[in-house]
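The analysis underlying the following values was restricted to heavy atoms, covering all of them including side chains, and did not include hydrogens, waters or symmetry mates. When a residue number appears, it is its place in the shown sequence, counting from 1.
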Amino acid sequence: MTEKVEVKIQRIEGNEDLPLPGYMSSGASGMDLFAAVAESVTIPPKEVAVIPLGIKIALPEGFEAQIRPRSGLASRHSIGVLNSPGTVDSDYRGEVRVILFNFGRNPFVVNRGDRIAQMVIARVAKAVLIEQDHLEDTARGEGGFGHTG
């Protein structure tokens with residue numbers, strides 16, 4: 001069974017015409033996010049645009065919102081979220097925005113109401129760091145960056 005968590009959301013004035021973030025299927029883990037641009041924004045190839053969503057959220061302590069790319073935009077238009085996944089912390093109360101990057105060769109236009117990213121709500125664990133002079137060995141050791149082939 002899927003855990004449910006209450007997340008408070010506020011529309012920023014002037015964005016009442018846009019849908020709130022929503023799950024597009026019963027099994028979706030991410031809610032689609034809608035562009036709240038006043039006018040269309042063109043993202044040239046290899047360039048960045050910060051796209052507002054017209055919403056603020058209040059996450060409970062112990063949770064984060066992860067902003068992730070939409071697979072359809074990535075596969076069809078080479079559009080991704082530059083700091084993927086972006087993180088919205090539980091104590092942030094500003095407008096949620098998405099940093100889109102055009103990895104492609106053609107300009108990409110973002111229109112008001114376009115589904116541009118998805119938001120996954122996830123639990124956060126706080127690490128307690130314990131400094132050591134030596135860490136226990138493992139079979140993998142220091143192998144990294146494709147060491148298994």
For this session: Taking R115 for its side chain and D32 for its backbone only, find out whether a donor-acceptor pair lies under 3.5 Å.
Result: no
Problem set entry | N102 (side chain) donor-acceptor with I43 (main chain) under 3.5 angstrom | yes
Problem set entry | Common cluster, Y23/V88, ILVMFWY with side-chain heavy-atom separation under 4.5 Å | yes
Problem set entry | Spacing of I9 atom CD1 and L20 atom CG [to the nearest 0.5 Å] | 5.0 Å
Seminar exercise, completed: Here the gap from F101 atom CZ to S84 atom OG, rounded to the nearest 0.5 Å, amounts to 13.0 Å
Exercise. Any side-chain heavy atom of P52 sitting closer than 4.5 Å to one from V37?
Worked result: yes
For this session: Check for a donor-acceptor pair, side chain of D114 on one end and backbone N or O of I116 on the other, with a separation under 3.5 Å.
Result: no
For this session: Using modelled atom types only, decide if a donor and an acceptor are shared between the side chain of R70 and the backbone of L73 within a distance under 3.5 Å.
Result: no
Problem set entry | Test salt bridge (Lys or Arg N to Asp or Glu O under 4.0 Å) applied to R123 and E3, step by step | CA-CA 10 Å; R123 283 196 173 276; E3 177 183 13; 2.6 Å; yes
Exercise. Could you state the interatomic distance from CD1 (I121) to CD (Q66), rounded to the nearest 0.5 Å?
Worked result: 8.5 Å
For this session: Measure across S40 and N111 and return the closest heavy-atom pair with its distance rounded to 0.1 Å.
Result: OG-OD1, 2.5 Å
For this session: Go through the steps to decide whether F63 and V124 satisfy the test side-chain contact (heavy atoms from CB on, under 4.5 Å), and finish with yes or no.
Result: CA-CA 5 Å; F63 287 87; V124 174; 5.6 Å; no
For this session: Report the distance from atom CG of N83 to atom CD1 of I99, rounding to the nearest 0.5 Å.
Result: 4.0 Å
Problem set entry | Transitive ILVMFWY side-chain link F34 to I55, under 4.5 Å | no
Exercise. Once you round to the nearest 0.5 Å, how far does CE of M119 lie from CG of L33?
Worked result: 5.5 Å
Exercise. When you look at I51 and V41, which way does the side-chain contact (heavy atoms from CB on, under 4.5 Å) test go after all the steps?
Worked result: CA-CA 8 Å; I51 306 297; V41 172; 4.2 Å; yes
For this session: Go through the side-chain N and O atoms of E64 and T87 and say whether any donor and acceptor fall under 3.5 Å apart.
Result: yes
For this session: Taking atom CD of E16 as the centre, report whether more than 12 heavy atoms of other residues, nucleotides or ligands fall under 6.0 Å from it.
Result: yes
Problem set entry | Close side-chain approach of P69 to I79, heavy-atom, < 4.5 Å | no
Problem set entry | Over all atoms of both residues, closest heavy-atom pair of V110 and A35 | CG1-CB, 3.6 Å
For this session: Starting from the C-alpha separation in whole Å, work towards a yes-or-no answer on side-chain contact (heavy atoms from CB on, under 4.5 Å) for V98 and V50.
Result: CA-CA 6 Å; V98 177; V50 179; over 6 Å; no
Problem set entry | Polar side-chain atom of Q118 near backbone of R68 as donor-acceptor pair, under 3.5 Å | no
Problem set entry | Approximate separation, where rounding is to 0.5 Å, of I67 CD1 and R97 CZ | 12.0 Å
Exercise. Given K56, which of Q10, R11, K8, R93 fulfils the side chain to side chain contact (heavy atoms under 4.5 Å, CB included) condition?
Worked result: Q10
Exercise. According to a 4.5 Å side-chain heavy-atom criterion applied to Ile, Leu, Val, Met, Phe, Trp and Tyr, with indirect links allowed, do M31 and I57 form part of one hydrophobic cluster?
Worked result: yes
